[in-house]
*Asks:* 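The following block contains the structure, expressed as structure tokens.
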Amino acid sequence: MHILVVGAGAVGGYFGGRLLEKGIDVTFLVRKRRKQQLQERGLVIQSVHGNTVLTPKTIMAGEKAEAFDLVIFSNKAYHLHEAIQDVKPYVGKETLILPLLNGMAHMDLLWSEFGKENVLGGLCFIETTLDEQGTIVQSSSSHDVKFGEWSGEITERVKKLEQLFTGCNAHFHLSDQIVTDMWHKYLFIATMSGVTTLFRAPIGPIRAGEYGQEIILRLLKEIAAVMRAHGAPIAEQIEEKQLEQMNKLAPEMKSSMQRDMEKGQMVEADHLQGYLLKLAQQYHIDTPLLKAVYHHLKLYEQQRGADSKHRF
């Protein structure tokens, strides 16, 4: 099976690298700067699960290549439109699409561009970042991918993927409830990124503060209320369960959005919290804490834009 991974950053580089490490045929669709890094240093992974340096195959948008069997979207949501256009020449009638993006807003776009029958559901859990030299630094026990048919059916094609992924140094799980899994992950990441960016702190000090537990649970409940109004198949008392999960995280754990903010990079505010606020407005649900999170993120974006203009 020929796999194309869109991007070789913190997420795509890690999971694509683990597949490549197993001996699977993986190609990375990258930009010029990243291609140069990979040519000079290789695909370097520093991980609690084992370090490795790999020699990856790469292509850049516009270069000729035959259609791939599987395309894994691992890019940030704000690059999705561009990534789709870059990928189209490498997608055939039988190509499967596996998105590992956060949230749910991207699914309609992928369905419209590639056909709902060709797009799997997918998500990942990992704490990883890309350093200035292009090294993928992975620091958490979790390095998990879940994937499955939107219908929940266990088809032959997802069984083949499960067999292909088995044995690599990361956890790839075939799910028969991927839609629920994706909404649950969305609830977790929207809350986790929300509180860590709002307070500019890792999860430990936030949850240990006088009002930390109350604030985290309130944000979980606001978001879950929006999801239930939208008909999302989330579990009962999922808010309390996810609060327990957050209380078990390492105190120094940060969200990827918080790490992006610390680097002065773009954030997925509209794709994550902004999309939820649109749904909240549609269903007339008041979400004051979610609004505060989003407002803070938009102020950050404005300041980032002003700083960029000033620098250049």
Side-chain angles (χ1 to χ4, degrees), residues 2-47 49-91 95 97-102 106 110 122 124 126-140 143 145 168-170 254-268 271 304 308 311-312:
H2 304 293
I3 298 177
L4 180 65
V5 178
V6 184
V11 174
Y14 184 83
F15 288 114
R18 290 309 190 190
L19 295 174
L20 178 60
E21 185 181 34
K22 186 194 169 187
I24 296 172
D25 184 358
V26 177
T27 300
F28 295 89
L29 179 61
V30 294
R31 295 189 176 91
K32 185 176 180 179
R33 181 174 179 272
R34 186 57 172 149
K35 182 173 184 177
Q36 184 176 353
Q37 282 182 330
L38 295 173
Q39 288 174 337
E40 293 175 352
R41 303 184 67 240
L43 180 63
V44 184
I45 297 175
Q46 293 181 0
S47 168
H49 299 286
N51 302 333
T52 187
V53 180
L54 303 160
T55 304
K57 292 191 293 185
T58 63
I59 59 171
M60 295 177 62
E63 293 182 354
K64 290 185 178 180
E66 294 184 359
F68 289 84
D69 300 305
L70 174 69
V71 175
I72 300 175
F73 280 89
S74 64
N75 52 283
K76 294 289 189 178
Y78 42 74
H79 289 145
L80 183 57
H81 287 273
E82 180 183 359
I84 286 172
Q85 297 309 312
D86 291 345
V87 160
K88 278 185 175 181
Y90 313 116
V91 173
T95 301
I97 307 296
L98 174 58
L100 299 182
L101 285 74
N102 291 321
H106 56 282
L110 291 173
C124 65
I126 190 168
E127 185 180 13
T128 184
T129 189
L130 200 67
D131 72 13
E132 293 180 359
Q133 288 75 41
T135 298
I136 298 164
V137 181
Q138 191 273 324
S139 54
S140 65
H143 59 157
V145 169
C168 78
N169 187 13
K254 297 180 179 180
S255 66
S256 60
M257 185 182 286
Q258 181 187 1
R259 293 185 182 277
D260 289 339
M261 287 181 71
E262 290 173 350
K263 295 177 183 178
Q265 296 177 350
M266 295 175 66
V267 294
E268 296 178 306
H271 185 75
R304 178 182 175 276
S308 297
R311 284 198 301 269
F312 297 103

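Heavy atoms only: backbone and side chains are in, while hydrogens, waters and symmetry mates are out.
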*Asks:* Could you tell me whether the side chain of Q138 and the main chain of S140 form a donor-acceptor pair under 3.5 Å?
*Replies:* yes

*Asks:* One thing to verify: whether R18 and E21 come together as a salt bridge, which I'm taking to mean a side-chain N less than 4.0 angstrom from a carboxylate O.
*Replies:* yes

*Asks:* Going by heavy atoms in the side chains, are L20 and K57 under 4.5 Å from each other?
*Replies:* no

*Asks:* Taking atom CZ of R259 and atom CG of L130, what is their separation to the nearest 0.5 Å?
*Replies:* 12.0 Å

*Asks:* Quick one: pull up OH in Y14 and SG in C124 and give me the separation to the nearest 0.5 Å.
*Replies:* 11.0 Å

*Asks:* Give the minimum heavy-atom separation between I136 and A10, together with the two atoms involved.
*Replies:* CG2-O, 3.7 Å

*Asks:* To check you understand the geometry: which heavy-atom pair defines the closest contact between G264 and R304, and what is its length?
*Replies:* O-NE, 2.8 Å

*Asks:* So does F68 get a backbone contact from the side chain of T95, meaning a donor-acceptor N/O pair under 3.5 Å?
*Replies:* yes

*Asks:* Determine whether V71 and Y90 make a side-chain contact, defined as any pair of heavy atoms from C-beta on separated by less than 4.5 Å.
*Replies:* no

*Asks:* A side-chain contact here means heavy atoms from C-beta on lying under 4.5 Å apart; do L110 and P99 qualify?
*Replies:* yes

*Asks:* Which atoms form the tightest heavy-atom contact between H106 and L80, and what is the distance?
*Replies:* CB-CD2, 3.5 Å

*Asks:* To the nearest 0.5 Å, tell me how far I45 CD1 sits from L54 CG.
*Replies:* 5.5 Å

*Asks:* Identify the heavy atoms of S256 and K76 that sit nearest to each other, and give their distance.
*Replies:* OG-NZ, 4.1 Å

*Asks:* What residues, two or more places apart in sequence or in another chain, satisfy salt bridge (charged side-chain N to carboxylate O under 4.0 Å, His left out) together with E63?
*Replies:* K35

*Asks:* Output all residues satisfying side-chain contact (heavy atoms from CB on, under 4.5 Å) with A8, sequence neighbours left out; order by chain, then residue number.
*Replies:* F28, V30, R34, L38

*Asks:* Any idea which heavy atoms bring S74 and V6 closest together, and the distance?
*Replies:* OG-O, 2.8 Å

*Asks:* How long is the span from the CG atom in L100 to the CZ atom in F15, to the nearest 0.5 Å?
*Replies:* 7.0 Å

*Asks:* Apply salt bridge (charged side-chain N to carboxylate O under 4.0 Å, His left out) to D86 and list each qualifying residue two or more places apart in sequence or on a separate chain.
*Replies:* none

*Asks:* Under the rule for ring pair (Phe, Tyr, Trp, His ring centres under 6.0 Å), what residues qualify as partners of H2, not counting sequence neighbours?
*Replies:* none

*Asks:* Is there a donor-acceptor pair closer than 3.5 Å between any side-chain N or O of T27 and the backbone N or O of L4?
*Replies:* no

*Asks:* Can you name the ring pair (Phe, Tyr, Trp, His ring centres under 6.0 Å) partners of H49, sequence neighbours left out?
*Replies:* H143

*Asks:* Can you tell me how far apart CD (Q46) and OG1 (T128) are? Round to the nearest 0.5 Å.
*Replies:* 10.5 Å

*Asks:* State, to 0.1 Å, how close V87 and L29 come at their nearest heavy-atom pair, and which atoms those are.
*Replies:* CG2-CD2, 3.8 Å

*Asks:* Using side-chain heavy atoms (C-beta onward) and a distance below 4.5 Å, is K263 in contact with T129?
*Replies:* yes

*Asks:* Kindly compute the distance separating CD (E132) from CD (Q37), expressed to the nearest 0.5 Å.
*Replies:* 10.5 Å

*Asks:* What pairs with K88 under side-chain contact (heavy atoms from CB on, under 4.5 Å), at least two apart in sequence or on another chain?
*Replies:* I84, Q85, E113, F114

*Asks:* I would like to know whether I72 and L19 meet side chain to side chain contact (heavy atoms under 4.5 Å, CB included); could you show each step before the answer?
*Replies:* CA-CA 12 Å; I72 300 175; L19 295 174; 4.3 Å; yes

